Amino acid sequence: MNWYDKLKQYFPIEEMKSKEHMEILLKEKGGDVYYKDEGPHHVLMYAEFPTFLFIDYVYVSKESRGQGIGHQLMQKLKQKNKPIILEVEPFDYKDTDSTKRLRFYRREGFKHAQSIGYTRKSLATDESNTLEILYWSPSGENEEQIYNQMRKMYEDIHTYKDEEIYGKSYQPVDEVLTYEQDIDGGDDIFHSLEQNKENEKK
């Protein structure tokens, strides 16, 4: 199974770029912005900008989970000493994969950017898809800085040559990303994860 089929098998259709889109990114931005790190049991697609990293997709095969591959991949990125940003689906306590994924990122020191709203329409399904933003920061970047970096990533990676590739464009960044200061902390995705864990014990 090639790298794209592995990703397609793991990620929902509304979150997937087309193979053509990803191959164009690798061809035209590979070597200085967009990268593929592939091994027998993993695929990591990420973008590196001067001031931050964005994890586009990370896949670890089921049979090799628990062997520290995900941790090793995160360590490799953390060594670059830049904030790391990624998108995750909202927490679903019924989905064991969702729970495991969030526990992994919490162990790796990621935070939930609660002040950033992120909803975009899938060109594959034409349905709106809401995701949460997680980030790891080596030097105390705030959520407004993460928001500005997300805007750059969205325009440089997610919507790169979209009309040429798909025959239509994704929504402009101002329709997709929002920033709201003074969030009270009640919607922290990791807090929801902990609450669910406590409820399971009762």
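Please read these numbers as outputs of a predicted model, since none were measured by experiment.
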Is there a side chain to side chain contact (heavy atoms under 4.5 Å, CB included) between E143 and Y135 once you walk through the steps? CA-CA 9 Å; E143 292 190 13; Y135 68 100; 3.6 Å; yes
Where do F11 and Y57 land on the ring pair (Phe, Tyr, Trp, His ring centres under 6.0 Å) test, with the steps shown first? CA-CA 8 Å; F11 288 92; Y57 300 96; 5.0 Å; yes
From CA spacing to verdict: side chain to side chain contact (heavy atoms under 4.5 Å, CB included), H41, R65: CA-CA 9 Å; H41 300 292; R65 284 179 201 165; over 6 Å; no
Could you go through the side chain to side chain contact (heavy atoms under 4.5 Å, CB included) check for M153 and Q149 one step at a time? CA-CA 6 Å; M153 180 286 305; Q149 291 165 339; over 6 Å; no
Would V88 and L102 count as a side chain to side chain contact (heavy atoms under 4.5 Å, CB included) if you check the C-alpha gap in whole Å, the side-chain angles of each, and the deciding distance to 0.1 Å? CA-CA 8 Å; V88 294; L102 287 172; 4.2 Å; yes
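Every residue meeting the side-chain hydrogen bond (donor to acceptor under 3.5 Å, both in side chains) condition with E87, not counting sequence neighbours, appears here in chain and number order: Y118, H158. By the side-chain hydrogen bond (donor to acceptor under 3.5 Å, both in side chains) test, Y147 pairs with R151, sequence neighbours left out.
By the 4.0 Å N-to-carboxylate-O rule, K121 lies too far from E14 to be salt-bridged with it.
Taking both residues in full, the closest heavy atoms of K152 and F49 are given as CE-CD2, 3.6 Å, listed atom of the first, atom of the second, then distance. When all heavy atoms are compared, the tightest approach of E163 to S169 is OE1-OG, 3.0 Å. Closest of all the heavy-atom pairs between Y166 and S18 is OH-N, 3.0 Å.
Within the 4.5 Å cutoff, side-chain heavy atoms of M74 are placed close to those of F104. For the pair P83/I146, a side-chain contact is recorded, criterion being any heavy-atom separation below 4.5 Å from C-beta on. For the pair Y59 and M45, the minimum side-chain heavy-atom distance is 4.5 Å or more. Using a 4.5 Å cut-off on side-chain heavy atoms (C-beta onward), K17 and D56 make contact. Counting heavy atoms from C-beta outward, S115 and Y179 have side chains that approach closer than 4.5 Å. Proximity of M16 to L7: side-chain heavy atoms (C-beta onward) are separated by under 4.5 Å at one or more points. Side-chain contact between L73 and I55 is absent, with no heavy-atom pair separated by less than 4.5 Å. Taking 4.5 Å as the limit, some side-chain heavy atom of Y105 sits within range of a side-chain heavy atom of R101.
Atom-to-atom distance recorded for S139:OG and N81:CG is 6.5 Å, nearest 0.5 angstrom. The distance from the CD atom of E15 to the OG1 atom of T125 is 10.5 Å, given to the nearest 0.5 Å. Considering OH of Y170 and CD1 of I165, their distance stands at 9.0 Å, rounded to 0.5 Å. Taken from CD in E141 to CD1 in I84, the straight-line distance is 11.0 Å, to the nearest 0.5 Å. If you take CD1 on I189 and CD on E89, they are separated by 9.5 Å, rounding to the nearest 0.5 Å. Distance check: E38 CD to N2 CG gives 8.0 Å after rounding to the nearest 0.5 Å.
The side chain to side chain contact (heavy atoms under 4.5 Å, CB included) test with L86 singles out one residue from L131, V58, L134, and that residue is L134. Exactly one residue among E28, H21, K29, E155 makes a side-chain hydrogen bond (donor to acceptor under 3.5 Å, both in side chains) with Y160. That residue is E28.
Side chain of E164 to main chain of K161: no donor-acceptor pair is present (N/O by atom type, distance under 3.5 Å, no hydrogens or angles). Remark: the backbone N or O of G140 is paired with a side-chain donor or acceptor of S137 at under 3.5 angstrom.
No cation-pi contact links K111 to F190, judged by a cut-off of 6.0 Å to the six-membered ring centre and 45° from its axis.
With a 6.0 Å radius and a threshold of 12 heavy atoms from other residues, nucleotides or ligands, K8 has its NZ atom at or below the threshold.
The salt bridge (charged side-chain N to carboxylate O under 4.0 Å, His left out) contacts involving residues 67-82 comprise D37-K76, E48-K80, E48-K82, K78-E108, where partners must be two or more places apart or lie in separate chains.
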